Amino acid sequence: MKKLPIVLNTPARVAIALALIVLVGELLIMVLFENINTTLLKDPFLKNLFIYVFDPVALTAIVSPALYLLVFRPLNQQAKLERQLAKSRSLKADSKIEHLAFFDQLTGLPNRRLLMDRLDHAFVTSSRSGREVALLLLDLDNFKDINDTLGHDVGDLLLQQIAQRLESCVRKSDTVARLGDDEFVVMLEGLSKQHIETAAIQAKDVSEKILATLNQPYQLAMDEYHCTASIGVVLFSNHGTTVAELLKRVDIAMYQAKKAGRNTLRFFNPKMQDAINARTSLVCELHKALEKGQFHMYYQIQVDSSHRPLGAEALIRWIHPEHGLLPPDQFIPLAEDTGLIVPIGQWVLDTACAQLKAWEQDALTCDLVLAVNVSARQFRQADFMAQVQSTVQRHAINPMRLKLELTESILVKSIEDTITAMNTLKGIGIQLSLDDFGTGYSSLQYLKKLPLDQLKIDQSFVRDLAADSSDKAIVRTIVAMAQNLELDVIAEGVETEEQQQLLLSKGCTHYQGYLFGKPVPIEQFEASLGPFD
């Protein structure tokens with residue numbers, strides 16, 4: 001049976017359209033009209049009605065004004081409102097996304113991405129105007145200690161206060177950004193175009209203002225704290241310099257400020273770059289020196305008041321294939337910075353124990369004590385005590401003939417752990433000496449707790465002993481302290497008979513220095529011993 005088409009009059013068609021609008025809304029209706037094959041799709045009136053449903057001009061041409069005012073205008077206004085709300089939400093979302101992309105979430109300062117964009121812009125404007133721009137890189141001093149001791153929440157509060165203080169030190173036209181962690185950047189634009197020296201003075205004034213402001217105490221939680229910063233400064237006006245090169249230069253300057261004692265500022269200059277290049281090259285060669293056998297051990301004799309040999313200090317030397325003999329101060333700091341001091345220190349310990357074993361075979365040397373320097377970084381290795389014990393056992397030496405010289409820097413952190421480690425070494429039978437005593441940290445309160453055998457008077461107190469009454473008083477105090485604690489005491493850097501006699505008059509009877517012998521290879525050292533009468 002053939003189905004007859006459904007014929008709807010105009011009122012019926014309008015009623016259907018209104019019902020659909022009210023019940024399922026515009027979007028679903030459009031879907032229905034696009035996907036459901038009904039006779040309604042063939043009705044031009046209904047199609048036009050839904051096409052123009054939100055167009056008041058078109059609607060009033062189709063339906064009566066009364067019907068439009070009653071039904072369609074409210075729907076139209078609601079749709080407009082929804083579109084406006086949707087647009088507002090979209091703008092807010094875009095704004096939030098932009099803020100996340102270009103600003104640091106903790107401090108609200110521009111982040112690295114926005115800083116790079118502003119640097120690029122500053123390059124262009126400074127090139128046109130001829131005015132210098134200063135870039136300041138700030139790194140907080142010892143910020144890690146605050147995080148470690150007070151917690152990251154307190155550290156975050158400090159960073160927020162730092163950001164506020166930095167912004168208070170500069171103009172609104174300048175940029176303060178946070179690179180990450182405890183590093184901040186300040187960009188000062190529009191400085192003098194007459195002389196670079198004038199621009200440098202302007203940058204210096206702002207840098208010193210920043211240092212003074214950051215030096216003020218901080219209220220963190222319930223307590224007051226202090227924090228300083230090191231600042232590197234570089235000037236530019238886009239004379240053949242790239243952004244990457246600029247950042248490298250200011251980083252070099254900042255580390256120069258760190259090396260100068262922190263809480264200060266340093267300007268970049270080409271000599272810094274040359275020094276950095278030489279350092280980088282030396283680090284690469286240092287990695288290869290151990291495997292290529294370029295390290296050698298030298299020995300400096302230690303004697304008593306009768307010049308009788310007591311032992312020696314083992315001192316590492318680097319015989320470089322191009323630069324020749326390099327003293328420790330030219331490569332040990334690099335080894336400390338790179339962590340190479342750990343394998344190098346193990347090589348020194350192995351070499352010293354092997355030498356002690358060889359000395360056991362000779363009556364002239366079997367009673368000698370060999371002192372080995374141990375760095376703070378090496379000492380803090382978790383397996384250091386086990387390595388020492390293993391090395392002593394492997395070479396089968398008398399541990400009493402091995403003396404480890406420790407610096408006061410080991411007392412900076414975890415004093416109780418340090419004492420425990422030292423007691424472990426003492427339990428093995430190894431002697432312990434505190435090197436460079438009096439030049440480092442306030443260790444007097446811990447001295448009675450440390451299981452030491454010896455204090456070593458630093459050469460800085462010996463050098464001017466004959467002329468400086470303060471050095472005489474310091475030496476006398478150190479010797480008296482050592483005697484009261486039943487510790488041995490030895491002075492290093494003794495170069496004259498007068499120095500030795502003054503030390504002897506203060507009660508110091510053991511010495512090391514050029515007066516008795518320079519550091520020399522093992523063959524020369526053993527040849528210098530000879531029979532003692």
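All figures in this text were calculated on a predicted structure; none of them were measured in a lab.
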Review point. For Tyr255, does the OH atom sit with more than 12 other heavy atoms under 6.0 Å from it, leaving out its own atoms?
Key: no

Review point. With no hydrogens and no angle check, do the side chains of Gln302 and Gln512 hold a donor and an acceptor under 3.5 Å apart?
Key: yes

Review point. Of all heavy-atom pairs between Val206 and Cys169, which one has the smallest distance, and what is that distance?
Key: CG1-O, 4.3 Å

Practice item. Verify side chain to side chain contact (heavy atoms under 4.5 Å, CB included) between Gln161 and Leu220, making sure each step is shown before the conclusion. Key: CA-CA 9 Å; Gln161 293 188 32; Leu220 305 177; 3.5 Å; yes

Study note, to complete from the structure: Here the gap from Trp347 atom CH2 to Leu340 atom CG, rounded to the nearest 0.5 Å, amounts to 14.0 Å

Practice item. Might you confirm whether atom CZ of Arg112 has over 12 heavy atoms from other residues, nucleotides or ligands at distances under 6.0 Å? Key: no

**Study point:** Atom pair OG1/CD of Thr213 and Gln164 - distance to nearest 0.5 Å
**Key:** 13.0 Å

Review point. Counting only N and O atoms by type, is there a donor-acceptor contact under 3.5 Å from the side chain of Arg401 to the main-chain atoms of Asp367?
Key: yes

**Study point:** N/O donor-acceptor pair under 3.5 Å between Lys448 side chain and Leu485 backbone
**Key:** no

Point to revise | Residues Asp453, Lys403: salt bridge by 4.0 Å N-O rule | key: no

Study note, to complete from the structure: Between Leu109 and Ala163 the two heavy atoms that sit nearest each other are CD1-CB, 3.5 Å

Check your understanding: Under 6.0 Å from the six-membered ring centre of Tyr514 and within 45° of its axis: does the NZ or CZ of Lys518 meet both?
Key -> yes

Point to revise | Chi angles and distances behind the side chain to side chain contact (heavy atoms under 4.5 Å, CB included) call for Leu158, Leu150 | key: CA-CA 11 Å; Leu158 176 62; Leu150 305 178; over 6 Å; no

Point to revise | Aromatic contact, Tyr298 with Phe525 (centres under 6.0 Å) | key: no

Check your understanding: Quick one: does Ser505's side chain have a donor or acceptor within less than 3.5 Å of a partner on Leu502's backbone?
Key -> yes

Review point. Between Tyr299 and Ala312, which heavy-atom pair has the shortest distance, and what is it?
Key: CB-CB, 4.3 Å

Revision key, fill the gap. Rounded to the nearest 0.5 angstrom, the CG-CG distance for Asn111 and Leu179 is 9.5 Å

Exercise for review: Using only heavy-atom distances, determine whether the side chains of Gln346 and Thr391 contain a donor-acceptor pair under 3.5 Å.
Suggested key: yes

Check your understanding: In Å, rounded to the nearest 0.5 Å, how long is the span from CG of Leu404 to OG of Ser433?
Key -> 9.5 Å

**Study point:** Stepwise side chain to side chain contact (heavy atoms under 4.5 Å, CB included) check, Leu138 with Leu166
**Key:** CA-CA 10 Å; Leu138 297 88; Leu166 288 176; 3.7 Å; yes

Check your understanding: Regarding Gln160 and Asp156, is there a side-chain donor-to-acceptor distance under 3.5 Å anywhere?
Key -> no

Exercise for review: For the pair Ile419 and Leu450, evaluate side chain to side chain contact (heavy atoms under 4.5 Å, CB included) and give the outcome as yes or no after the intermediate values.
Suggested key: CA-CA 6 Å; Ile419 293 172; Leu450 299 176; 3.7 Å; yes

Practice item. Calculate, to the nearest 0.5 Å, the distance between atoms CZ and CG belonging to Phe184 and Asp104 respectively. Key: 7.5 Å

Check your understanding: Is there side-chain contact between Asp337 and Val283, with heavy atoms separated by less than 4.5 Å?
Key -> no

Check your understanding: Do you know the tightest heavy-atom contact between Val479 and Lys506?
Key -> CG1-O, 3.3 Å

Point to revise | Gap separating the CD atom of Gln387 from the CZ atom of Arg394, nearest 0.5 angstrom | key: 9.5 Å

Review point. Under a 4.5 Å cut-off applied to non-hydrogen side-chain atoms, are Leu310 and Ile490 in contact?
Key: no

Exercise for review: Quick one: closest heavy-atom pair of Cys353 and Leu402, and the distance?
Suggested key: SG-CD2, 4.2 Å

Check your understanding: Heavy-atom distance under 4.5 Å between the side chains of Asp174 and Met187, does that happen here?
Key -> no

Check your understanding: Just by modelled atom types, is the Ile332 backbone N or O under 3.5 Å from a matching donor or acceptor in the Asp329 side chain?
Key -> no

Check your understanding: Does one side chain, of Ser230 or Asp141, offer a donor that lies under 3.5 Å from an acceptor on the other?
Key -> yes

**Study point:** Side-chain touch Thr107/Ile162, heavy atoms, less than 4.5 angstrom
**Key:** no

Let me have the donor-acceptor pairs involving side chains of residues 492-501, under 3.5 Å, with sequence neighbours excluded, atom names and distances please.
from: Thr496; atom 1: OG1; to: Gln499; atom 2: N; distance (Å): 3.1
from: Gln499; atom 1: OE1; to: Glu495; atom 2: N; distance (Å): 2.7
from: Gln499; atom 1: OE1; to: Thr496; atom 2: N; distance (Å): 3.2
from: Gln499; atom 1: NE2; to: Val462; atom 2: O; distance (Å): 3.3
from: Gln499; atom 1: NE2; to: Arg463; atom 2: O; distance (Å): 3.3
from: Gln500; atom 1: OE1; to: His307; atom 2: NE2; distance (Å): 3.4

Check your understanding: Residues in ring-ring contact (aromatic ring centres under 6.0 Å, His included) with Phe143, at least two apart?
Key -> none

**Study point:** Arg377 side chain to Arg380 backbone, donor-acceptor under 3.5 Å
**Key:** no

Check your understanding: Take atom NZ in Lys258; do more than 12 heavy atoms of anything else shown fall under 6.0 Å from it?
Key -> yes

Which donor-acceptor pairs under 3.5 Å do side chains of residues 315-322 form with protein atoms, sequence neighbours excluded?
from: Trp318; atom 1: NE1; to: Gln294; atom 2: OE1; distance (Å): 2.8
from: His320; atom 1: ND1; to: Glu322; atom 2: N; distance (Å): 2.9
from: His320; atom 1: ND1; to: His323; atom 2: N; distance (Å): 3.1
from: His320; atom 1: NE2; to: Glu285; atom 2: OE1; distance (Å): 2.5

Check your understanding: Any side-chain heavy atom of Asp350 within less than 4.5 Å of one from His395?
Key -> yes

Point to revise | Check: Phe379 ring centre within less than 6.0 Å of Phe384 ring centre | key: yes

Point to revise | Side chains of Thr365 and Asp362, donor plus acceptor under 3.5 Å | key: no

Check your understanding: Can any side-chain N or O of Ser207 pair as donor or acceptor with the backbone N or O of Ala203 at less than 3.5 Å?
Key -> yes

Review point. Going by heavy atoms in the side chains, are Phe236 and Leu119 under 4.5 Å from each other?
Key: yes

Review point. Is the number of heavy atoms from other residues, nucleotides or ligands within 6.0 Å of CD (Glu291) greater than 12?
Key: yes

**Study point:** Flag side-chain contact, heavy atom, 4.5 Å: Met422 against Leu452
**Key:** yes

**Study point:** Any Leu529 side-chain heavy atom under 4.5 Å of Ile301 side chain
**Key:** yes

Practice item. Identify the heavy atoms of Leu247 and Val250 that sit nearest to each other, and give their distance. Key: O-CG1, 3.3 Å

Practice item. Could you tell me whether Asn215 atom CG has more than 12 heavy atoms of other residues or ligands within 6.0 Å of it? Key: yes

